[in-house]
Amino acid sequence: MDYLTVAMAKGRTADRAMDFLEKSDVRFSDFTDESRKLVIYDDKQTIKLIFVKAVDVPVYVENGAADVGIVGKDVMMEDPRDVYELLDLGIGRCKLAVAGFPGTPVDEMPFLTVASKYPAVAKEYFDKKGIRTEMIKLNGSIELAPLIGMSDVIVDIVETGTTLKENGLVVLQEIAEVSARLIVNKASYATKTADIQQFIKDMKEGLEVRA
Ligand code: PRP
């Protein structure tokens, strides 16, 4: 059977994407939130969903292990891949921002230490402003870095703002709006055009039902 392989990370975005598909009658009846399965199939046996880490979604899609991926724009900005980005799903909306202690004079500082999961995005942002930086790449709990004096500021995702608030930090500058994108392997788009277009149509219908 020639499935359309779709890569996404488990969690809120995957739940929403599966909700969209259900609206178009594409169901994954075997899947439950507690399931630890990494590969599931839809009831009609046309889609194979693989669950991977969010940062790895574009890797699977670029090398053809997955035909389609659903991933945050933040991941694509940090690690651009040679794939088609065909649809903004409008889910998982948040901001990429510079954050730190209130009043931190970011633009007046000739040199900044920056902690981030997104060092490439952060470096490009500050380079354009002519601010020299030292990047400290972290993989989580980014807000801790300024609190313990490891960095002047952070560059991170802000969704509700709760994590910043509870740690006495604020957004100092906004870098970009972020949301989940549908990406497609270039060769797959040529060889599985109809299947991919159907998948996009199903997702879009879900989006419209929601709107
Ligand atoms: C993300 C992000 C912030 C937080 C923002 O972390 O890195 O820490 O969510 O969300 P909020 O504005 O709604 O508080 P995540 O939950 O992925 O955990 P992490 O610290 O392990 O990266």
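Read the numbers this way: they start at 1 and go in the same order the structure lists the ligands and their atoms. In this text, all values refer to a predicted model and were calculated from it rather than measured experimentally.
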Could you name the option among E159, K117, K95 that has the heavy atom nearest to atom 1 (C) of ligand 1? K117
Taking 4.0 angstrom as the limit and counting only heavy atoms of T163, give me the atoms of ligand 1 inside it, by number and element. 4 (C), 5 (C), 10 (O), 11 (P), 14 (O)
May I have the list of side-chain donor-acceptor pairs in residues 159-166 shorter than 3.5 Å, sequence neighbours left out?
residue: E159; atom: OE1; partner: R12; partner atom: NH2; Å: 3.4
residue: E159; atom: OE2; partner: R12; partner atom: NH1; Å: 3.0
residue: T160; atom: OG1; partner: T162; partner atom: N; Å: 3.2
residue: T160; atom: OG1; partner: T162; partner atom: OG1; Å: 2.7

Under 4.0 Å from one or more heavy atoms of D156, ligand 1 contributes atoms 2 (C), 3 (C), 7 (O), 8 (O)
Short check: is a protein heavy atom less than 4.0 Å from atom 16 (O) of ligand 1? no
Show which atoms of ligand 1 fall inside a sub-4.0 Å distance from at least one heavy-atom site of S141. 19 (P), 20 (O)
Does a side-chain N-to-carboxylate-O contact under 4.0 Å join K192 and D2? yes
Quick check: G161 and ligand 1, any N/O pair under 3.5 Å apart? yes
Verify atom 9 (O) of ligand 1: protein non-hydrogen atom under 4.0 angstrom away: no
Between F51 and F31, ring centroids under 6.0 Å: yes
Shortest non-hydrogen contact from P58 to V75? CG-CG1, 3.8 Å
Aromatic rings Y189 and Y84: how do their planes relate, parallel, tilted or perpendicular, breaks at 30° and 60°? perpendicular
For residues 136-147, which residue pairs qualify under side-chain hydrogen bond (donor to acceptor under 3.5 Å, both in side chains), counting only residues two or more places apart or in two chains? K137-N139
Per-atom contacts of ligand 1 with I157, taking only distances under 4.0 Å to non-hydrogen atoms: 2 (C), 3 (C), 5 (C)
Which of the numbered atoms in ligand 1 are below 4.0 angstrom from a heavy atom of E143? 3 (C), 8 (O)
Using modelled atom types only, decide if a donor and an acceptor are shared between the side chain of N185 and the backbone of E62 within a distance under 3.5 Å. yes
For G140, atoms of ligand 1 separated by under 4.0 Å from a heavy atom: 19 (P), 20 (O), 21 (O), 22 (O)
Derivation of the side-chain contact (heavy atoms from CB on, under 4.5 Å) call for D67 and F199: CA-CA 11 Å; D67 303 304; F199 184 79; over 6 Å; no
Using a strict cut-off of 4.0 Å, indicate which atoms of ligand 1 neighbour a heavy atom of T160. 11 (P), 12 (O), 13 (O), 14 (O)
